[in-house]
2 protein chains.
Amino acid sequence: MKHLPHKTIERLSQYRRALLLCLEKGKTHIYSHEIAKIQHITSVQVRRDLMLIGYTGTLRKGYNVKELIDLIGNIIDSEEGIKVAIIGMGNLGRALINYFAGKRSKLRIVAGFDTNPDKIGNTMSGVPCYSIEQLKEVVAAEDIKVGIMTVPADYAVDTADLLVKAGIKGILNYTPKPVNVPEGVYLEEYDMITTLEKVAFYVKLQETD
Amino acid sequence: MKHLPHKTIERLSQYRRALLLCLEKGKTHIYSHEIAKIQHITSVQVRRDLMLIGYTGTLRKGYNVKELIDLIGNIIDSEEGIKVAIIGMGNLGRALINYFAGKRSKLRIVAGFDTNPDKIGNTMSGVPCYSIEQLKEVVAAEDIKVGIMTVPADYAVDTADLLVKAGIKGILNYTPKPVNVPEGVYLEEYDMITTLEKVAFYVKLQETD
DNA sequence: TTAACAATGTTAAATTTTTAACACTTTTAC
DNA sequence: GTAAAAGTGTTAAAAATTTAACATTGTTAA
Ligand SMILES: NC(=O)c1ccc[n+]([C@@H]2O[C@H](COP(=O)([O-])OP(=O)(O)OC[C@H]3O[C@@H](n4cnc5c(N)ncnc54)[C@H](O)[C@@H]3O)[C@@H](O)[C@H]2O)c1
Ligand SMILES: NC(=O)c1ccc[n+]([C@@H]2O[C@H](COP(=O)([O-])OP(=O)(O)OC[C@H]3O[C@@H](n4cnc5c(N)ncnc54)[C@H](O)[C@@H]3O)[C@@H](O)[C@H]2O)c1
């Protein structure tokens with residue numbers, strides 16, 4: 001398999017999530033148009049993505065849910081799993097940890113970091129909270145590859161630097177402050193305000209025409 | 001101005017956020033390559049976006065920060081502002097409300113809704129929490145246009161239906177369960193897991209080549 | 001049995017988005 | 001005073017992404 005488009009990677013992750021729900025409901029097969037409906041895209045898009053990963057369904061019966069879940073896993077997961085840390089155990093950090101707790105996945109949040117002495121030493125939904133001072137040490141010891149940043153915006157840049165120095169390979173930045181990382185570290189940033197402003201814009205647009 | 005590309009809308013929102021920070025620092029002018037650096041894109045991209053909205057900077061001095069902020073506001077904001085509600089005042093809902101509190105913006109979170117009697121009647125960072133039973137009534141009374149869904153996943157579909165029935169025009173769904181809305185309601189969905197799995201995928205990819 | 005149907009898989013076209021190329025204009029340096 | 005440098009603005013090209021078109025093939029039903 002060659003390079004999968006970025007967008008396809010995102011959709012594969014989403015397909016899998018939808019498929020897992022279907023599996024729970026006891027569904028064994030699914031059509032491309034059913035997946036499409038769930039994801040608000042077209043069935044052609046789905047078939048094209050599956051073509052790219054070389055999966056072929058059964059004519060007239062659709063795709064085997066279990067097989068497809070496994071195949072997507074082979075593609076996007078790392079075999080050994082990837083360990084994740086959360087930096088900043090506040091409201092958002094807590095929301096993310098809760099959300100993950102209980103999910104069986106190749107991605108595991110294994111550590112949290114904070115500067116607040118009241119939080120350091122506790123665990124939250126099974127995730128231990130360390131001092132930010134211990135970052136490098138714990139990242140190395142646990143072989144943590146990915147860091148999720150949920151610190152106050154003013155600490156975003158410094159925190160990113162710390163993560164890079166600690167040897168983290170991927171950063172997901174939820175603060176509204178863009179940060180910089182060197183070559184070799186994959187960075188993804190998300191700010192809710194952008195999304196909300198986009199929704200508001202299209203609501204306005206819809207009203208004025 | 002004709003149709004602005006979706007991606008441009010997103011970037012304009014991001015530019016503005018970056019520009020507001022620059023303004024705070026007392027910067028009056030900014031070059032396209034400076035904006036580009038912050039947003040991890042190219043300066044051509046920035047200039048092209050600004051061309052699309054018809055803004056022209058000063059040769060050799062770059063763009064006037066204040067003017068540009070205002071212009072972006074004229075394009076993406078609604079004049080009267082847009083009111084927003086949060087459905088589900090849990091960890092994530094609280095994080096979002098805190099995040100918004102204090103931000104002066106055309107987008108205002110004016111109401112929260114929950115089913116938990118302990119929460120109903122309280123306020124959180126100045127946002128009153130109503131019973132979900134009152135949704136339709138409050139949405140109508142306040143003229144709320146956008147709803148942010150942060151309820152447990154199992155209630156996502158029902159909540160979306162309630163929002164639509166209440167007359168909401170835009171929904172931002174933060175639960176991991178995709179929902180459906182009729183024509184005329186703008187829907188945006190975001191799931192952290194997709195983003196995290198994407199980061200993990202590219203980390204893995206980088207390691208294997 | 002055979003025609004109509006309903007699904008997949010794939011190639012080609014269309015659209016959207018990004019990047020490159022370059023003309024133009026101040027400012028700076030000598 | 002002139003050449004070089006460093007910006008912007010715009011058109012054209014390239015790349016990425018989505019959509020359309022359609023060939024193919026089991027399945028169903030008359
Ligand atoms: N992307 C989004 O959609 C979104 C939504 C809400 C909030 N946010 C952002 O996420 C961040 C966290 O928001 P929150 O509501 O959880 O804030 P919070 O104040 O509840 O939590 C921040 C936590 O970080 C800790 N902290 C402070 N400095 C630190 C440091 N240097 N290193 C490690 N930990 C440190 C604090 O002790 C606290 O526990 C903020 O930047 C906020 O703007 C983003
Ligand atoms: N998109 C993301 O990145 C992300 C991250 C974390 C959590 N989540 C999702 O966000 C949602 C909320 O997460 P959380 O950690 O805040 O959960 P939570 O349990 O802390 O909060 C849920 C809140 O919704 C309320 N509620 C329950 N049923 C309701 C109903 N029918 N109507 C209105 N309110 C109702 C509960 O009383 C509670 O206050 C979950 O679906 C979770 O999976 C998404």
Side-chain angles (χ1 to χ4, degrees), chain A residues 1-15 18-19 22 27-68 71-72 75 188-189 194 198 201-202 205, chain B residues 1-15 18-19 22 27-68 71-72 75 188-189 194 198 201-202 205:
Chain A
M1 195 179 325
K2 293 198 285 272
H3 292 330
L4 292 171
H6 278 229
K7 287 290 179 67
T8 295
I9 298 295
E10 287 178 15
R11 282 192 298 263
L12 287 174
S13 163
Q14 285 163 355
Y15 297 165
L19 291 168
C22 291
K27 213 163 155 57
T28 63
H29 287 77
I30 191 167
Y31 298 123
S32 61
H33 67 259
E34 293 177 298
I35 300 179
K37 179 94 186 295
I38 298 172
Q39 303 298 149
H40 315 300
I41 55 177
T42 67
S43 62
V44 186
Q45 183 84 263
V46 175
R47 292 203 298 279
R48 217 174 181 304
D49 285 333
L50 300 190
M51 188 189 93
L52 289 175
I53 64 173
Y55 183 65
T56 104
T58 319
L59 195 44
R60 268 312 266 224
K61 285 185 74 178
Y63 304 95
N64 181 304
V65 175
K66 184 121 190 24
E67 272 177 27
L68 189 45
L71 178 58
I72 293 177
I75 291 165
E188 191 84 23
E189 310 199 303
T194 297
K198 190 177 168 195
F201 174 80
Y202 284 108
L205 203 65
Chain B
M1 192 179 324
K2 294 198 285 274
H3 292 331
L4 291 171
H6 278 232
K7 286 291 177 67
T8 295
I9 297 296
E10 287 179 15
R11 282 192 299 262
L12 287 174
S13 163
Q14 285 163 356
Y15 297 163
L19 291 168
C22 291
K27 213 164 154 59
T28 63
H29 288 78
I30 191 166
Y31 298 124
S32 61
H33 67 257
E34 293 177 299
I35 300 179
K37 179 94 186 296
I38 298 172
Q39 302 299 148
H40 314 299
I41 57 178
T42 67
S43 61
V44 187
Q45 184 82 263
V46 174
R47 291 204 299 279
R48 217 177 182 303
D49 285 333
L50 299 190
M51 188 190 93
L52 290 175
I53 64 172
Y55 184 65
T56 104
T58 318
L59 197 43
R60 253 336 252 222
K61 286 186 73 179
Y63 304 96
N64 180 303
V65 174
K66 186 127 190 20
E67 272 177 28
L68 189 45
L71 178 57
I72 293 178
I75 291 163
E188 191 84 23
E189 309 198 304
T194 298
K198 191 178 168 195
F201 174 79
Y202 285 108
L205 203 64

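Below, chains carry the letters A, B, ... as their sequence lines are ordered, and counting in each starts from 1.
Within the 4.5 Å cutoff, the side chain of A:Y55 has heavy atoms near those of the A:N64 side chain. In this structure, the side chains of B:T194 and B:K198 stay at 4.5 Å or more apart for every pair of heavy atoms. Looking at A:K37 and A:E34, their side chains never come closer than 4.5 Å, going by heavy atoms from C-beta outward. Proximity of B:L50 to B:L71: side-chain heavy atoms (C-beta onward) are nowhere separated by under 4.5 Å. Between A:Y63 and A:R47, the closest side-chain pair of non-hydrogen atoms falls below 4.5 Å.
Here A:H40 pairs with nothing under the ring-ring contact (aromatic ring centres under 6.0 Å, His included) rule; sequence neighbours left out.
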Output one line per pair: protein atom, nucleotide atom from nucleotides 19-28 of chain C, and distance, for all N/O pairs under 3.5 Å.
| from | atom 1 | to | atom 2 | distance (Å) |
| --- | --- | --- | --- | --- |
| C:dT19 | O4 | B:R48 | NE | 3.1 |

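C:dT16 atom P lies 14 Å from atom CD1 of B:I9, rounded to whole Å. In this structure, the CD atom of A:E10 is 15 Å from the P atom of D:dA16, given to the nearest Å. Computed from coordinates, the A:H29 NE2 to D:dT27 P distance equals 11 Å when rounded to whole Å. The separation between A:H3 atom NE2 and D:dA16 atom C1' is 14 Å, rounded to whole Å. Separating the CE atom of A:M51 from the P atom of D:dA23 is a distance of 17 Å, rounded to the nearest angstrom. Distance, B:K7 NZ to C:dT15 P: 18 Å, rounded to whole Å. Atom pair A:Y55:OH and C:dT8:P shows a separation of 11 Å (rounding to whole Å applied). The nearest whole Å value for the distance from the OH atom in A:Y31 to the P atom in C:dC5 is 17 Å.
A:S43 comes within 4.0 angstrom of no nucleic acid atom, judged by non-hydrogen atoms across all strands. Among the protein residues, A:T8 comes within range of no part of the nucleic acid, since none of its heavy atoms lies under 4.0 Å from any strand.
Shortest non-hydrogen contact noted between B:I30 and B:C22 is CD1-SG, 3.8 Å.
A close approach under 4.0 Å does occur between a side-chain nitrogen or oxygen of B:Y63 and OP1 or OP2 of D:dG9.
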